[in-house]
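Notes for the one structure printed next.
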Number of protein chains: 2
Amino acid sequence: MLDTPRSAAPAEDIGSRLRLVRQIYRVTQRELARRAGVTNGAISLIEQNRVSPSISSLKKILDGIPLSLADFFTLNLESSENVFFQAADLTEIAFGERISMRMVGNNIKNRAMQMLHETYQPGADTGEEMLRHQGEECGIITAGCLAVTVGTQEQVLYPGDAYYFRSDIPHRFRNPGDTPCELISVNSPPSF
Amino acid sequence: MLDTPRSAAPAEDIGSRLRLVRQIYRVTQRELARRAGVTNGAISLIEQNRVSPSISSLKKILDGIPLSLADFFTLNLESSENVFFQAADLTEIAFGERISMRMVGNNIKNRAMQMLHETYQPGADTGEEMLRHQGEECGIITAGCLAVTVGTQEQVLYPGDAYYFRSDIPHRFRNPGDTPCELISVNSPPSF
DNA sequence: TAGCATTGTTGAAAATTCTAAACGGTTGGA
DNA sequence: TCCAACCGTTTAGAATTTTCAACAATGCTA
């Protein structure tokens with residue numbers, strides 16, 4: 001709010017912004033279109049910047065993620081050459097009210113990995129529908145505890161404990177404790 | 001960013017939001033239309049929520065203020081019944097890079113006054129074109145110093161000093177010092 | 001009070017966005 | 001290897017936004 005000119009920089013590229021957000025949340029154009037009540041074609045055109053969506057359309061689409069307009073435009077995706085990142089500068093993404101993550105190096109091009117600083121509130125859960133995607137991932141717990149399910153195995157991990165698995169094996173994360181759980185995780189290749 | 005559902009609340013009413021911002025910055029529909037390269041009719045329709053502007057149009061309009069999309073959607077205009085406001089919760093508005101103000105009670109309906117906590121950076125100036133509008137205003141300096149011009153009079157005010165005048169007399173504010181100037185001011189009736 | 005300037009609002013036409021349906025490309029399983 | 005399922009893209013037409021121009025309302029000045 002304070003410094004208008006500062007944040008005025010990358011507001012143009014709505015298309016890339018939407019595509020990035022959609023990929024971060026791992027939704028296809030068609031699925032998002034279905035949730036939002038628009039057509040997949042519309043989303044495609046918007047992501048290619050071949051049209052400039054009306055606020056009402058964009059709102060509907062973001063509701064399907066869900067993400068507020070304010071958060072959408074506040075997302076920090078400036079590309080930079082930086083090597084160091086202050087905690088406060090990391091782009092923060094929320095999944096529902098209980099899971100949030102700060103992204104390390106998400107604005108670096110052609111990178112091999114995606115590092116995340118994740119926080120799971122007590123009871124937070126990636127949900128019954130198991131996650132599955134290309135690549136590999138690993139992580140190490142830094143606070144609280146985390147129940148990790150990979151394939152048929154489940155294990156509760158405590159600070160210092162870690163995991164590493166191929167991401168195409170169905171997996172799920174859940175915080176069974178009553179304090180927030182923090183962990184540092186890495187995906188390779190980055191899926192967004 | 002953290003808590004998506006929180007900020008998802010009042011994102012709908014783009015029209016009121018735009019009208020409020022425009023009035024805060026004291027621009028007419030036609031003047032803003034001219035700056036933005038759109039027609040005044042378009043702005044009128046948008047402010048009445050009779051159309052949902054495309055992002056490109058909204059962007060052009062906000063550029064004329066100027067205000068970023070992110071700031072526009074981040075503006076806090078929830079109406080509330082609150083009596084107390086934490087400093088961090090006050091809606092903050094920037095005029096260029098040098099003048100900013102936090103609004104007290106801007107979300108209260110049918111109020112008689114608008115209180116502002118204003119900050120003028122060194123050299124900040126409301127500009128050669130004098131301000132003029134309905135109502136009365138007064139203020140008291142709390143830090144730094146402020147050169148206030150009202151009609152043919154000019155005076156530099158220091159902490160503890162104050163002013164009070166009818167707002168239809170042309171007036172202007174400027175920080176001639178080399179430290180930020182802070183003051184508390186009140187307009188009555190509120191012009192936005 | 002009359003006249004002028006300025007403000008916000010409207011209606012029809014032009015321009016843009018959105019939908020519906022089909023297309024080509026990729027992946028995974030039989 | 002073929003097929004089915006799914007992905008994102010594209011095109012013509014429907015729907016919506018934006019322009020242009022005229023209108024009514026308000027405030028200011030003579």
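No hydrogens, no waters, no symmetry mates; every other heavy atom, side chains included, goes into these values. Here is how names work: the chains are called A, B, and so on, in the same order as the sequence lines, proteins then strands, and each is numbered from 1. Fair warning: this is a prediction, and the values are worked out from it, not measured in the lab.
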Check this one for me: any side-chain N or O of [X] less than 4.0 Å away from OP1 or OP2 of [N]?
X      : N       : result
S44(B) : dT10(C) : no
Q48(A) : dT10(D) : yes
S54(A) : dT16(D) : no
R50(A) : dT10(D) : yes
R19(A) : dG8(D)  : no

Given atom [atom1] of [X] and atom [atom2] of [N], what is their separation to the nearest angstrom?
X      : N       : atom1 : atom2 : answer
I46(A) : dT9(D)  : CD1   : C1'   : 14 Å
Q29(B) : dA5(C)  : CD    : P     : 21 Å
N49(B) : dT9(C)  : CG    : P     : 12 Å
E47(A) : dC7(D)  : CD    : P     : 13 Å
I43(B) : dT19(D) : CD1   : P     : 9 Å
K59(A) : dC18(C) : NZ    : P     : 15 Å

Original post:
Touch check for L45(B), heavy atoms < 4.0 angstrom, all strands: base, sugar-phosphate only, or nothing?
Top reply: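 Base contact.
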Subject >> Sugar-phosphate only, base, or nothing, as touched by S56(A) at under 4.0 Å among non-hydrogen atoms >> reply: nothing
Validation row: [X], [Y] side chains within 4.5 angstrom (heavy atoms):
X       : Y       : answer
Q29(A)  : R19(A)  : yes
V148(B) : H171(B) : no
P53(A)  : S54(B)  : no

Subject >> A36(A) to I61(A) - nearest heavy-atom pair and separation >> reply: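 Closest heavy-atom pair between A36(A) and I61(A): CB-CA, 3.6 Å.
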Subject >> Parallel, tilted or perpendicular: rings of Y120(A) and F173(A) (30°, 60°) >> reply: tilted
Subject >> Along DNA chain C (nearest heavy atom to each residue), the more 5'-positioned of V27(B) and A42(A) >> reply: V27(B)
**OP:** Report the residue (G41(B) or T28(B)) whose heavy-atom-nearest nucleotide on DNA chain C is the more 5′ of the two.
**Re:**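 Nearer the 5' end of the strand: T28(B).
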Original post:
Got a sec? Which of residues 30-40 of chain A come in under 4.0 Å of DNA chain C, heavy atoms?
Top reply: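 Under 4.0 Å from DNA chain C: R30(A), G37(A), V38(A), T39(A).
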Original post:
Hey, are R102(B) and E118(B) close enough for a salt bridge, meaning a charged N less than 4.0 Å from a carboxylate O?
Top reply: no
**OP:** Give the intermediate values and the outcome of side chain to side chain contact (heavy atoms under 4.5 Å, CB included) for residues I55(A) and F73(B).
**Re:** CA-CA 11 Å; I55(A) 294 287; F73(B) 285 107; 3.7 Å; yes
